[in-house]
Amino acid sequence: MYTNQTVIFKNKPVIIGSYSIVGPKEWKGNFGPYFNYVMKDDCFGEKSYEKAEMKMLKTAIVGAIEDAKIKASDVNLLLSGDLLNQIISSSYAARDFDFAFLGLFGACSTMAESMAVAASIIDGKEFDTIVCSTGSHFSTAERQFRFPLELGNQRPPTSQWTVTGAGACVISSKGVGPRITMATFGKVIDFGVNDVNDMGAAMAPAAMDTMLAHFRDTKTTPDDYDLIVTGDLGKLGSEILIDLMEDQGIKLGLNYNDCGQMYYTRNQNTFSGGSGCGCSATVLNSFIMKKLRSGEYKKVLFMPTGALMSTTATQQGETIPGVCHAIVLECDESVKNIKISQTSNRNVKNKKEEKTNRTSISKSNEKNIKSNRLN
Amino acid sequence: MYYLWVFLIGGFICTLGQVLIIYTNITSARILVTFVIIGVLLEAFGIFDPISAFAKAGINVPIIGFGASLAKGAISAVESKGLLGAFTGGLEATAGGIAAAIFFAFIFSLIFKSKTKS
Amino acid sequence: MDKSMDIKKRNEMYNNYVQAKIPKTKAWPSLFYSFLVGGIICCIGQGINDLILLWFPNMAEQSAWAYTLIVLIFIASFLTGIGVYDKIGKFAGGGSIVPITGFSNSITSPALEYKHEGIIYGICVKMFTIAGPVIVSGVVASFIVGLIYLFI
C-alpha cells in the first residue's frame, strides 16, 4: 500500500560550508548572533527589492563557497530556488557564476528539496561538489502574494512574516562536517485550506504526511533525534502538527520545534512567526549547522514545508496544497563522542563570544561575523 | 456642536468597516466596494440627504459619500439629459475626487519610494 | 467516488478543527481605534469644509465638498508617500480604510510599489489594482440607478 519515499545515502554526503545573510529585523530576532552577515537595510544598496534579493542570494553562495575553503571552479552544480515568479532571484543570481544551474521550486521547502537532490546526485557519485541555496525577501513576497507595502491594512493574527534572508551550503562527497544520511521526499497534500493568511494550517498536513513516511521508512521514532525542526509552520501550524501527529499515535516532545515560531521575538509583531524560503534556510545554515559542527546536536531531522500556492490559483477558488521534504543531518564522526557537559561548557563560552560579536555589529552593522568553527 | 455628530457618525461608519474586517476577513478593496454600493443605494432611496443634513462630514468623508455623489450625479443628469445622463452623470459628479487621487498618486509616486515595514 | 467523499469529509473536519484552533484576538480595542481614527478623519474633513466656506462664502455647497475631498485626498496621498499612512492603517484598520483617504491610499500605494517597472507599465498600469473595483462598481451601480430613474 505504501511506497518508499526515503533515500538512505550509503556515502553520506558532507556539508563542508554554509553561509547565511539576513536583514536588520531578522538580526534583532532570536537567532541574531548566529548569522554570518547582516544587511544594513532591506535594499542592500540596490534599486529595487527584487534586485536586493538577487544580490543576497549571490552573497550567500559566494560566502558558502568561501566557508568551504574550495575554489569556485571546483563546484559542479548550483541548486537554487526562491518564491518569486519564474524563480528570478535564483536564476539571475546564477548568471554571475561559472557553473551549471538547476532551478527548483518547492516554495518554502526549497532548502531541504535542494539538499536532498544534491545529496542524491553526490551519493550516486555523479558529481563531486554541489552548492544549494535559497532565499526570500519580505518586500518582494509581500508585493507578489499580498498587497503593496504602503497600503494601510491590518494583518490578521494567523499571518506570518516573510523572512528577509538567504542561506547557502556546499555539499561534497568528501571532507569534514555534518553529513546528510537520509532524505524523505514528500507528497503534495491538500486538506482544503483556502485562507491565504493561514499558511501554517495549509502546510501542517504535508508535514504530518512526510513525517509519518519518514518514521515508517526509516523505522525511527522522534526520540532518535536531538532536534526535529519544521520550516515555517508558525505558532499555529506547529500546534496543529503536534495535534495531527498525536492523532496518528506519535508524540512530538520537547525536541520538536519550528523555525518560524522561534525566529522572531514576541514584541516584533510578527503574529504567527516567520515564513518564506529564507526562514528555514538561514536557521539551518547558521544555528543548526553550528550546533551540528560542535557536536551539540548529533542527529537532526530538518523538514521545511512549502505552500505551493499562487495568487492566480487562489483567486480562482483553489485551495492551498502543501509539500514537505525531510533530510536527516548527522554530526561528523570526530565530534560524535563529545559529552554533553563538555559542550554545554563550550556553549557558555560561545555565548560570551556571541555577545562580543553582537556589540561589534552594533558598532558597524555590516560586519562579517565568521562563525567560530570548533574543529 | 455638530462636530460631535460628525465624529460619532463618521466613527460609527468606520467601525462598521472594521467589524466587516474582523468577522468576515475581507480585504480592503472589498470593503471600499461594499461601502460605495451602500452609498449609491442610500442616495437612490433618498436616505442620504437627510443623514447628510446633520452628519455633514461624518457621512460625506467616508467612501459612502463618494457612492452617493455618483448616484446623485447620475440621477440629476438623467433629469436634464435623458439616457445620456445615466452614462455621464456619475463620473461627472465625482470627477474631481478621482482626478485628484490619480494626479496626486502619480506625482507622489514619482517623488517617493515604498519603504519596507518593520 | 467513495474516496472523494472521504476526502471532502476529511477536509471539512480539518477546516473546522483549524477554525477552532485559530487564536481569538480581542475585537474591542481595534473597534475602538477604528472608531476614534475614523471620527477624527471625518472631523478634519468638516474642519476643512468650514474653513473653505469661511474664506469663500459665495462658494456652492457642492463645490466646497469637492474641494474638501480633494484636500483630504492630497493629505492621504502625501502621508502614503512618506510612509506614514500604512502605520496609521495598522493601528486603525477600518478607521483609515473607509474614509476617502483610504481610497487615496489604495491608489497611491500600488503606484509607489510598482514604480520600478517604469512610468507606463509600472505606475500607470498598476495604479488601479486595488481602487479599480471601487470605480467600476460605483459607476455601474450609478448607471443602473440612473437608468431606473429614467423609466420611472
Side-chain angles (χ1 to χ4, degrees), chain B residues 3 6-22 28-29 31-33 35-37 40 44 56-58 60-63 65-67 70-71 73-75 77-78 82-83 85-87 89-91 96-98 100-102 104-106 108-109 111-115 117, chain C residues 27 30-31 34-43 45-46 49 65-66 68-70 72-74 77-78 80-83 86 93-95 97-100 102-104 106-109 111-113 115 119 123-124 127 130-131 133-135 137-139 141-143 145-150:
Chain B
Y3 274 85
V6 171
F7 182 78
L8 288 179
I9 291 181
F12 173 72
I13 291 169
C14 294
T15 315
L16 276 184
Q18 181 68 7
V19 168
L20 280 178
I21 294 177
I22 294 178
S28 58
I31 293 197
L32 289 173
V33 168
F35 277 83
V36 163
I37 290 175
V40 170
K56 291 180 190 284
N60 276 295
V61 170
I63 196 101
F66 183 78
L70 273 167
I75 291 167
V78 160
L83 180 62
F87 285 103
L91 278 179
I98 296 174
I102 293 173
F104 294 133
F106 187 75
F108 287 130
S109 66
I111 301 170
F112 298 111
K113 200 181 148 190
S114 69
K115 289 156 211 69
K117 290 183 182 184
Chain C
S30 77
L31 291 180
S34 63
F35 185 84
L36 190 74
V37 174
I40 289 173
I41 292 174
C42 292
C43 284
Q46 185 65 45
N49 191 46
W65 277 121
T68 308
L69 294 186
I70 289 171
L72 282 175
I73 285 168
F74 171 80
S77 195
F78 179 73
T80 307
I82 59 170
D86 65 315
I97 293 174
V98 176
I100 195 86
F103 175 68
S104 173
S106 63
I107 289 186
T108 312
S109 58
L112 281 168
E113 183 77 30
K115 188 182 175 179
I119 289 176
I123 297 175
C124 299
M127 198 179 261
I130 295 166
V134 179
I135 295 174
S137 63
V139 168
S142 73
F143 174 72
V145 169
L147 212 58
I148 292 169
Y149 264 75
L150 191 68

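In the text below, chain A, chain B and the rest are named by the order of the sequence lines, each starting its count at 1. Quick caveat, the model's predicted, so the values are computed rather than measured.
When all heavy atoms of B:V40 and C:S142 are compared, the pair lying nearest together is CG1-N, 4.2 Å. The two residues C:I73 and B:A100 have their closest heavy-atom pair at CG2-C, 4.0 Å. B:A105 and C:I107 get closest at one heavy-atom pair: CB-CG2, 3.5 Å. Shown here for B:F7 and C:C43, the closest heavy-atom pair between the two residues is CB-SG, 3.6 Å. Closest approach of C:V134 and B:V33 over heavy atoms only: N-CG2, 3.9 Å. Summarising the geometry of C:C124 relative to B:F106, their closest heavy-atom pair is SG-CE1, 4.1 Å, with the distance given to 0.1 Å.
Considering only heavy-atom pairs separated by less than 4.5 Å from chain C, the leading option among B:I31, B:L83, B:I9 is B:L83. For the set C:I70, C:I40, C:D86, the count of heavy-atom pairs under 4.5 angstrom toward chain B peaks at C:I70. When each of C:L147, C:I148, C:V145, C:I82 is checked for heavy-atom pairs under 4.5 Å with chain B, C:I82 comes out on top. Contact count versus chain B (heavy atoms, under 4.5 Å) is highest, among C:A131, C:S77, C:G38, C:G146, for C:S77. If you tally non-hydrogen atom pairs under 4.5 Å between each of C:G45, C:A66, C:G95 and chain B, the highest count goes to C:G95.
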Donor-acceptor list for residues 13-22 of chain B side chains, cut-off 3.5 Å, not counting sequence neighbours:
{"from": "B:T15", "atom 1": "OG1", "to": "B:G11", "atom 2": "O", "distance (Å)": "2.6"}
{"from": "B:Q18", "atom 1": "OE1", "to": "C:G94", "atom 2": "N", "distance (Å)": "2.6"}
{"from": "B:Q18", "atom 1": "NE2", "to": "A:Q154", "atom 2": "OE1", "distance (Å)": "3.0"}
{"from": "B:Q18", "atom 1": "NE2", "to": "C:S30", "atom 2": "OG", "distance (Å)": "3.1"}

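The line from OG of B:S114 to CD of C:E113 is 4.0 Å long, rounded to the nearest 0.5 Å. Atom CG of C:N49 and atom NZ of B:K56 lie 8.0 Å apart (nearest 0.5 Å). In this structure, CG in B:N60 is found 11.0 Å from CG in C:L72, a value given to the nearest 0.5 Å.
Aromatic ring centres of B:F35 and C:F103 lie farther apart than the 6.0 Å criterion allows. Not less than 6.0 angstrom separates the ring centroid of B:F12 from the ring centroid of C:F35.
Using a 4.5 Å heavy-atom cutoff, the side chains of B:P62 and C:C42 are in contact. Side-chain contact check for B:F87 versus C:F143: some heavy-atom pair is nearer than 4.5 Å.
Looking at B:K115, the atoms closer than 4.5 Å to chain C (heavy atoms on both sides) all sit in the side chain, from C-beta outward. For C:L36, the parts lying near chain B are the backbone and the side chain together; criterion is any non-hydrogen pair under 4.5 Å. Contacts of C:I135 with chain B are made by side-chain atoms alone, with heavy-atom separations under 4.5 Å and no backbone atom involved. Both the backbone and the side chain of C:I100 come within contact range of chain B, each with at least one heavy atom under 4.5 Å from a heavy atom of that chain. Using a 4.5 Å cut-off between heavy atoms, C:L150 contacts chain B through both its backbone and its side chain. Contact of B:L8 with chain C is made through backbone and side chain together, with heavy-atom distances under 4.5 Å. Looking at B:F66, the atoms closer than 4.5 Å to chain C (heavy atoms on both sides) all sit in the side chain, from C-beta outward. Of the atoms belonging to B:V6, heavy atoms from both backbone and side chain fall under 4.5 Å from chain C. In this structure, the portion of C:I123 lying under 4.5 Å from any heavy atom of chain B is its side chain and not its backbone.
Side chain of C:Y149 to backbone of B:A74: no donor-acceptor contact under 3.5 angstrom is found.
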| field | From CA spacing to verdict: side chain to side chain contact (heavy atoms under 4.5 Å, CB included), B:L32, C:S106 | value | CA-CA 10 Å; B:L32 289 173; C:S106 63; 3.7 Å; yes

| request: Apply side chain to side chain contact (heavy atoms under 4.5 Å, CB included) to the pair C:M127 and B:I102, showing each step before the final yes or no. | output: CA-CA 8 Å; C:M127 198 179 261; B:I102 293 173; 3.9 Å; yes

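Ring-plane geometry between C:F78 and B:F112 is classed as perpendicular, the angle between the planes exceeding 60 degrees on a 0 to 90 degree scale with a lower cut at 30.
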